[in-house]
Structure formats: structure tokens, C-alpha cells
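Here is the structure we will look at.
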Amino acid sequence: MSESGGVEKQLRGAILLTLLVVVIIAPLVGVYAFSPFMFISGIAPYQLAVALGVMLAQAIAAAALFLLVFRARR
């Protein structure tokens, strides 16, 4: 019975890490790193460049987390 508590703690930690990466870190990277490059490349309203930068950063973060999980299971 005590083993399931360890699994629940690991799962809770993984969920919190995923939320931290996708909800907090990825939007910051998208706003401050990707959106200026998108705006310079020709995406006209800066708000659109910010939104696309955030979406790109979240997609990259989700793909990286997926690859990390996939490699850890092997």
C-alpha cells in the first residue's frame, strides 16, 4: 500500500512540472524571445506576433515533455 503513495507523489510532481512549464515558462519564452523575431519577420500587429510566439513556445514545450516521457519509458 505504501508503494502507491510513492507513485501518487511522482504523478503529482510530474503534473506540477508540466503545468509550470506549459503555463508559466513557455508563455514567458514566447513573449520575450519568439515574438520580437516574429514581428521583425513580418507578422504585422505585434499582438498577433505575441500570440503566435506563445503558441509556438507552448507547442515546443509540450513536444519536449512528450519526448522526455517517451524516452524515460524505454
Side-chain angles (χ1 to χ4, degrees):
M1 281 269 173
S2 65
E3 292 178 15
S4 66
V7 172
E8 289 175 3
K9 284 185 180 181
Q10 287 180 345
L11 185 59
R12 190 175 300 131
I15 290 171
L16 289 174
L17 178 67
T18 303
L19 286 174
L20 177 76
V21 168
V22 174
V23 175
I24 296 174
I25 295 174
L28 289 174
V29 170
V31 168
Y32 293 113
F34 293 152
S35 64
F37 292 115
M38 289 186 163
F39 185 69
I40 290 172
S41 69
I43 297 176
Y46 188 70
Q47 292 82 4
L48 179 62
V50 169
L52 291 176
V54 168
M55 286 190 278
L56 177 66
Q58 287 178 338
I60 291 171
L65 288 171
F66 176 75
L67 290 175
L68 287 173
V69 168
F70 186 69
R71 288 186 181 189
R73 288 189 180 179
R74 283 195 208 182

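Positions are given from 1, in the same order as the sequence printed here. Model, not experiment: these values are computed from the prediction.
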Show the nearest heavy-atom pair for residues [X] and [Y], with the distance to one decimal.
X	Y	answer
Met38	Ala49	SD-O, 3.7 Å
Gly53	Phe34	O-CD1, 3.7 Å
Ala57	Ala26	CB-O, 3.2 Å

Give a yes or no on whether [X] and [Y] share a hydrophobic cluster (residues Ile, Leu, Val, Met, Phe, Trp, Tyr; joining criterion: side-chain heavy atoms under 4.5 Å apart).
X	Y	value
Val29	Leu67	no
Leu65	Leu11	no
Tyr32	Val22	no
Val21	Leu28	no
Ile60	Ile24	yes

**Message:** Does anything in residues 40-74 form a ring pair (Phe, Tyr, Trp, His ring centres under 6.0 Å)? List the pairs, not counting sequence neighbours.
**Reply:** Phe39-Tyr46
**Complete:** Residue pairs meeting ring pair (Phe, Tyr, Trp, His ring centres under 6.0 Å), one or both in residues 8-28, sequence neighbours left out, come to none
**Request:** Identify the residue among Leu48, Ile43, Val50, Ile40 that makes a side-chain contact (heavy atoms from CB on, under 4.5 Å) with Ser35.
**Result:** Val50
**Asked** Is Met55 close to Leu52 at the side-chain level, that is, under 4.5 Å between some pair of heavy atoms?
**Response** yes
**Item:** Nearest-0.5 Å distance, CG of residue Leu17 to CD of residue Gln10
**Value:** 12.5 Å
